[in-house]
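Note on naming: letters A, B, ... go to the chains in the order of the sequence lines (proteins, then strands), and numbering restarts at 1 for each one. Excluded from the calculations below are hydrogen atoms, water molecules and symmetry mates; all remaining heavy atoms, backbone and side chain alike, are included. The model shown is predicted, which means the values in this text are computed figures rather than measured ones.
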Protein chains: 2
Amino acid sequence: MAATMHDVARVAGVSVKTVSNVINDYPYVRDATRERVRSAIAALDYRPNLSARGLRSGKTGVIGLAIPELRQNYFAELADAVIRAAERRNVAVLVDQTGATREGEIAVLAGHRLRLTDGLLFSPEQLGQDDIALLQVPFPLVLLGERMFDGPTDHVTMHNVGSARAATEHLLEIGRRRIAVIGAHPTHQDDIRSANLRVRGYREALAAAGIPYDPALVRVAAPWHRENGAAAMRDLLAAGVEFDAVFTFNDTLGLGALRTLGQAGVRVPEDVAVIGLDNIDEARFSVPSMSSVDPGRDQIAEVAVDLLIERINEKGDPAPPRQILADFRVAARESTGFVDPEPGIASAVSPSVLAEPAEGS
Amino acid sequence: MAATMHDVARVAGVSVKTVSNVINDYPYVRDATRERVRSAIAALDYRPNLSARGLRSGKTGVIGLAIPELRQNYFAELADAVIRAAERRNVAVLVDQTGATREGEIAVLAGHRLRLTDGLLFSPEQLGQDDIALLQVPFPLVLLGERMFDGPTDHVTMHNVGSARAATEHLLEIGRRRIAVIGAHPTHQDDIRSANLRVRGYREALAAAGIPYDPALVRVAAPWHRENGAAAMRDLLAAGVEFDAVFTFNDTLGLGALRTLGQAGVRVPEDVAVIGLDNIDEARFSVPSMSSVDPGRDQIAEVAVDLLIERINEKGDPAPPRQILADFRVAARESTGFVDPEPGIASAVSPSVLAEPAEGS
DNA sequence: CTGAAAGCGCTAACAC
DNA sequence: GTGTTAGCGCTTTCAG
């Protein structure tokens, strides 16, 4: 049986209150007492029971993270960043996958799964502006991503328009003029899905450079998976439209497009320059390495966790919802004619022949 | 204030016990009563407080998953599989990253972070056979991966020797005879790290085919990151050893090697065939697509979660530790001269031109 | 500075 | 079939 606070108190010869005070770093405890309690804790290998603490204090020290799918690199890296940020603040992270389905996202908000968390970090992919009513939940909620604005919740997101504009400008700067785009959204309601925001950034950059917008260069691809990037690029090549660059709305699409270009014998970046968006680890290692816009994922994770914790600890009237845009920057690599500025991490062990006596077969 | 069981009981005009019975699907409740309780629950939007339940029952319904790093594709896919498997059994997953460090792994076992979980799924990377004493933990523990055997815990792992042997045999079957290997471990203690097991599988296959073992073909790379695969391949090419195939101990190394081969103008698979191990999603999308051995990740996740839940619910004397090896199979793709047998998932939306009226500029 | 005691919301004997 | 009640282990007034 695990030791309880009472056991510790008995061994240390104090009351449970004192043990509690020591554990919670209450300052007014005599040093000698504190020491006695500390060694009793060590002797018994005592660990506080978090269920009990949670029951009493109304907090569990766990936050939920709901994302579409961990197997999408972008979300794995986001989850990584969130977990690290949370760890620094001493909270644990319970990960839930919505499967990128509407039902999954609604289920997460209904809170039927994540009930022993103090709050939720939620990256919606299907729910949109029309669903903001669903965001009226009885627990602290911080949204990641850009699918809804003007909702009742805090909101941390990349700068979609700015990032897309920067990507396009990067292509313009290296002299490209016929810039295709992959990843537009099939419908074109005037909503604010990231696809539309990215189209807007693209068009802003074109407009600023005085280049006419050609809808033939804008290709639909959804969801933003590799195979759809590859297919859209095949489409583009088959259509016979002329283009000297492509901006894909995420890196995964870009890697798919790169694959098609390679197979088709199109040279990158000589014939077609490519830039993605997300700056996932993998972009550094494709052939050729792929330029991308870094949307500030670490910053997003850090800020989102802070905001959520702040909301969890908020007393009294809630502050008005806040919306935060992360900083972004272009990571220029081979696919737009640059030498990779961030070579891979040096090997921990420099590769060499296995130092082992040869043993014939 | 959130509703409690007492509120529900009051509204339904029954006692808390009855409410509890309804919630926990206790069979002997009159239908009419059950219905009354159900509607009271709905009316009050009542949700059980899991901290209280956990405190009372000694279980939280949460398991921990400790892996090195989510940003490594293999582990993201593993975590994905574990979360899905756990969801089916109605338990949530708290994810912890050890950072692939010894301290991180020890901290996880010390349980200072994952205390409100009922048990732990742990994929060690640094701890090894010498550390099995650390596995004597006061909570249910199931190990993933192959770093320790004969420990006191259950253990679910891929079949290292078998997978490596299958990979090598695949290369032999397509007529290759000078098969290099990337990913050996720098030290060669007679331990059972997966690198050594994979070397063993490789040598078994060679031996069975009557091909002598040539240590010059066995290259060290650690950790198994892409950059180290690329570097090891550069090394191999620079060394001037002859080889017509390479088996990399994981896919990430293989993708790195593929990159180097591409840059060096070596044709794959004509000059050098390549096969990896792990069958991560990404292998399907490299240029050329990369053959790999699928180590049965979904099965591993499924079995591990089952085993852990079984342990959590175990009463009386614990059953002896079990060790389970997953099934594996070769996924042959372009890098060994096959047409990809599993084309990418069909696009949800077939790519096409954005149907939008052109607006100049 | 420390102790005594109440009670967080739930489950599970045990009554009826 | 349903109600009563005693804690699970912790935090937190309130005294001293």
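Within the structure, every side-chain polar atom (N or O) of A/Ser57 is placed at least 4.0 Å from both OP1 and OP2 of D/dT11. Between B/Thr18 and D/dT2 there is no side-chain polar atom (N or O) within less than 4.0 angstrom of OP1 or OP2. OP1 or OP2 of D/dT2 has at least one side-chain nitrogen or oxygen of B/Thr33 nearer than 4.0 Å. Residue A/Arg30 places none of its side-chain N or O atoms closer than 4.0 Å to OP1 or OP2 of C/dC1. The shortest distance between the side-chain N/O atoms of B/Ser20 and the OP1/OP2 oxygens of C/dT11 is below 4.0 Å. Applying the 4.0 Å criterion to OP1 and OP2 of D/dG3, one finds that B/Tyr26 has every side-chain N and O outside that range. Remark: B/Thr4 is not in phosphate contact with C/dG9, judged by side-chain N or O atoms under 4.0 Å from OP1 or OP2.
Here the side chain of A/Asn24 pairs a donor or acceptor atom with the backbone of A/Ser20 at under 3.5 angstrom.
For the pair B/Ala52 and A/Asn24, nearest-nucleotide mapping onto DNA chain D gives the more 5' position to B/Ala52. Each of A/Lys17 and A/Arg56 lies near DNA chain C, and the nucleotide nearest A/Lys17 is the one positioned closer to the 5' end.
Distance, A/Asp7 CG to D/dG9 C1': 11 Å, rounded to whole Å. For B/Asn49 and D/dC8, the CG to C1' distance is 13 Å, given to the nearest whole Å. For B/Ile23 and C/dC10, the CD1 to C1' distance is 9 Å, given to the nearest whole Å. The interatomic distance linking A/Leu55 (CG) with D/dG7 (P) rounds to 17 Å, in whole Å. Between B/His6 atom NE2 and C/dT11 atom P there is a gap of 11 Å when expressed in whole angstrom units. Atom P of nucleotide D/dC10 and atom NZ of A/Lys59 are separated by 19 Å, given to the nearest angstrom. Between the CG atom of B/Asn21 and the P atom of C/dC14 there is a distance of 16 Å, given to the nearest Å. Atom CG in A/Leu116 sits about 16 Å away from atom C1' in C/dC8, given to the nearest Å.
Judged as a side-chain contact (heavy atoms from CB on, under 4.5 Å), and not counting sequence neighbours, the contacts of B/Ala85 are B/Arg88, B/Arg89, B/Glu302, B/Val305.
A salt bridge links B/Glu310 with B/Arg322: at least one charged nitrogen is closer than 4.0 Å to a carboxylate oxygen.
Between A/Leu307 and A/His155 there is no side-chain heavy-atom pair separated by less than 4.5 Å.
In summary, of the residues considered (B/Val137, B/Val142, B/Leu127, B/Leu65), a side-chain contact (heavy atoms from CB on, under 4.5 Å) with B/Phe122 occurs for B/Leu127 alone.
The A/Val16 side chain lies nearest to C/dA5 when the options are C/dA5, D/dT2, D/dG9. Checked against C/dT2, D/dC10, C/dC10, the side chain of A/Met5 finds its nearest nucleotide in D/dC10.
At a threshold of 4.0 angstrom between heavy atoms, the contacts of B/Val14 are confined to the sugar-phosphate backbone, with no base atom among them.
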